[in-house]
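One structure is given below, encoded as structure tokens.
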Amino acid sequence: MVAHGRFENKFLERLSNDVNVAFNTPVTVAQFHHDIALYFDPARKQYDANRILKLVHAEYSSQNIKTMGLFQVDLFIPILTYIFGQAEYKGNAGIASVFRLRNEQYGMQGNERLLYERFRKVVIHELGHTFGLIHCHVPICVMRPGTYVEDIDQKKHLFCNKCSNELDLELVKR
């Protein structure tokens with residue numbers, strides 16, 4: 001994982017441990033050292049997720065290593081108003097942002113525990129795509145799509161049995 005912006009070390013340590021457990025693979029965290037100002041769209045006041053994903057892929061991922069870019073900025077893709085994260089299907093890179101996961105974004109009091117839970121689900125979900133998992137219809141599965149924070153809140157950070165079995169098969173191939 002590569003972190004852009006200010007994330008607390010404890011937050012990143014917990015996240016890397018949870019990702020390690022979810023995928024049974026070692027996880028390291030490094031700093032993201034690129035300026036993403038070029039990817040800011042002034043008309044939308046958001047950052048272009050497609051271009052940032054390409055940057056993460058080009059600069060940080062390799063053929064055998066999955067890389068997740070962690071961000072604090074508001075992300076978009078042209079066909080959607082905003083996104084929480086995005087990944088290359090069966091690829092080596094993904095991105096996720098805490099920006100729209102904060103309660104304060106919706107006029108509510110901040111909640112760091114809930115923010116962490118939401119972000120963990122987004123990161124695991126996006127990494128699932130890099131391992132070849134598609135969206136799932138099981139309501140509590142982490143691979144269920146999440147358009148709104150309420151969708152994310154309703155699911156768990158775990159894979160359902162079907163997705164877990166598919167992930168196990170994919171991990172064995174590696």
Side-chain angles (χ1 to χ4, degrees), residues 1-7 11-12 15 18-19 22-23 32 34-61 66-108 110-112 114-160 162-163 166-167:
M1 293 188 295
V2 290
H4 178 272
R6 297 176 63 148
F7 286 94
F11 186 94
L12 294 174
L15 185 60
D18 287 342
V19 170
F23 295 96
F32 183 93
H34 288 76
D35 182 6
I36 62 170
L38 293 172
Y39 309 121
F40 184 73
D41 183 322
R44 292 182 69 136
K45 296 185 175 117
Q46 294 174 295
Y47 289 80
D48 186 329
N50 290 329
R51 293 178 63 204
I52 292 174
L53 179 60
K54 285 179 186 174
L55 175 64
V56 169
H57 173 83
E59 296 294 324
Y60 295 97
S61 67
K66 308 281 186 192
T67 302
M68 193 73 196
L70 311 176
F71 295 88
Q72 304 258 353
V73 299
D74 197 8
L75 300 172
F76 81 93
I77 58 174
I79 63 169
L80 294 174
T81 306
Y82 64 88
I83 61 170
F84 303 117
Q86 179 171 305
E88 300 170 335
Y89 178 70
K90 290 189 178 182
N92 291 322
I95 59 173
S97 175
V98 297
F99 187 87
R100 297 259 177 177
L101 300 174
R102 296 182 184 284
N103 272 355
E104 298 89 332
Q105 189 69 26
Y106 307 99
M108 298 184 296
N111 183 327
E112 291 300 312
L114 187 57
L115 174 65
Y116 176 79
E117 292 297 322
R118 289 172 176 165
F119 196 53
R120 171 174 65 169
K121 292 172 192 178
V122 171
V123 168
I124 292 171
H125 175 99
E126 296 306 336
L127 281 169
H129 287 314
T130 69
F131 283 99
L133 297 179
I134 60 171
H135 285 152
C136 181
H137 298 292
V138 174
I140 61 170
C141 180
V142 73
M143 291 309 297
R144 184 172 144 237
T147 306
Y148 306 104
V149 290
E150 295 86 357
D151 299 330
I152 295 169
D153 290 344
Q154 291 175 4
K155 60 185 178 177
K156 295 191 179 293
H157 71 280
L158 306 169
F159 299 102
C160 69
K162 178 181 167 287
C163 290
E166 288 178 25
L167 178 63

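At least one donor-acceptor pair closer than 3.5 Å links the side chain of Gln72 to the backbone N or O of Arg6. Checked by atom type and distance alone, the side chain of Glu126 pairs as donor or acceptor with a backbone atom of Ala87 at under 3.5 Å. Side-chain atoms of Thr67 do not come within 3.5 Å of backbone N or O of Met1 as any donor-acceptor pair. Not one N or O on the side chain of Lys66 forms a donor-acceptor pair closer than 3.5 Å with the backbone of Ala93. Panel note: side chain Tyr47, backbone Asp41; no donor-acceptor pair is recorded below 3.5 Å. For Asp151 (side chain) and Tyr148 (main-chain N/O), a donor-acceptor pair under 3.5 Å exists by modelled atom type. Checking side-chain atoms of Lys155 against main-chain N and O of Val142 turns up a donor-acceptor pair under 3.5 Å.
Applying the side-chain contact (heavy atoms from CB on, under 4.5 Å) test between Cys136 and each of Ile134, Val138, Leu133 identifies Val138 as the sole match.
The closest side-chain heavy-atom distance from Val122 to Ile152 is below 4.5 Å. The side-chain heavy atoms of Leu114 and Asp153, taken from C-beta on, include a pair separated by under 4.5 Å. With a 4.5 Å cut-off on side-chain heavy atoms, Leu70 and Leu12 count as touching. Looking at heavy atoms from C-beta onward, Phe40 lies in side-chain contact with Lys45 at the 4.5 angstrom threshold. When side chains are defined from C-beta on, His125 counts as touching Met143, because their heavy atoms get closer than 4.5 Å. The shortest side-chain heavy-atom distance between Val149 and Tyr106 falls under the 4.5 Å cut-off. Under the 4.5 Å side-chain criterion, counting only non-hydrogen atoms from C-beta, Phe71 is not in contact with Phe99. At least one side-chain heavy atom of Val98 sits under 4.5 Å from a side-chain heavy atom of Phe7.
For Phe159 and Phe23, the ring centers are positioned less than 6.0 Å apart.
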Is there a side-chain contact (heavy atoms from CB on, under 4.5 Å) between Ile36 and His4? Walk through the geometry before answering. CA-CA 9 Å; Ile36 62 170; His4 178 272; 3.6 Å; yes
Using side-chain contact (heavy atoms from CB on, under 4.5 Å), reason through Glu112 and Tyr116 one step at a time and then give a plain yes or no. CA-CA 6 Å; Glu112 291 300 312; Tyr116 176 79; over 6 Å; no
May I have the step-by-step check of side-chain contact (heavy atoms from CB on, under 4.5 Å) for Phe84 and Leu101, ending in yes or no? CA-CA 7 Å; Phe84 303 117; Leu101 300 174; 3.4 Å; yes
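Remark: Lys90 is not positioned above the aromatic ring of Phe131, lacking an NZ or CZ atom under 6.0 angstrom from the ring centre and at most 45 degrees off the axis.
Of all non-hydrogen atoms in Ala96 and Val123, the two that sit nearest each other are CB-CG2, 3.9 Å. Contact record, Asn103 with Gly110: CB-CA, 4.2 Å, taken as the closest heavy-atom pair.
Scanning for salt bridge (charged side-chain N to carboxylate O under 4.0 Å, His left out) contacts around Arg102 gives an empty result, with sequence neighbours left out. In this structure Tyr60 satisfies the ring pair (Phe, Tyr, Trp, His ring centres under 6.0 Å) test together with Phe32, His34, sequence neighbours excluded.
Between Asp74 and Arg100, at least one side-chain nitrogen of the basic residue sits less than 4.0 Å from a carboxylate oxygen of the acidic one, meeting the salt-bridge criterion. Using a 4.0 Å cut-off between charged side-chain N and carboxylate O, Glu166 and Lys162 make a salt bridge.
In this structure, OH in Tyr89 is found 11.0 Å from OG1 in Thr130, a value given to the nearest 0.5 Å. Taken from NE2 in His157 to CD1 in Ile124, the straight-line distance is 5.5 Å, to the nearest 0.5 Å. For the atom pair CD1 (Ile140) and CG (Leu158), the distance works out to 8.0 Å, reported to the nearest 0.5 Å.
A donor atom on one side chain and an acceptor atom on the other are not found under 3.5 Å apart for Asn111 and Arg118.
The aromatic rings of His135 and His129 sit perpendicular, their planes meeting at an angle over 60°, well past the 30° parallel limit.
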Considering only distance and modelled atom types, tabulate donor-acceptor pairs under 3.5 Å from the side chains of residues 48-58, sequence neighbours left out.
from, atom 1, to, atom 2, distance (Å)
Asp48, OD1, Asn50, N, 3.0
Asp48, OD1, Arg51, N, 3.2
Asn50, OD1, Gln86, NE2, 2.8
Arg51, NH1, Leu38, O, 3.3
His57, ND1, Ser61, OG, 3.2
His57, ND1, Glu88, OE1, 3.2
His57, ND1, Glu88, OE2, 3.1

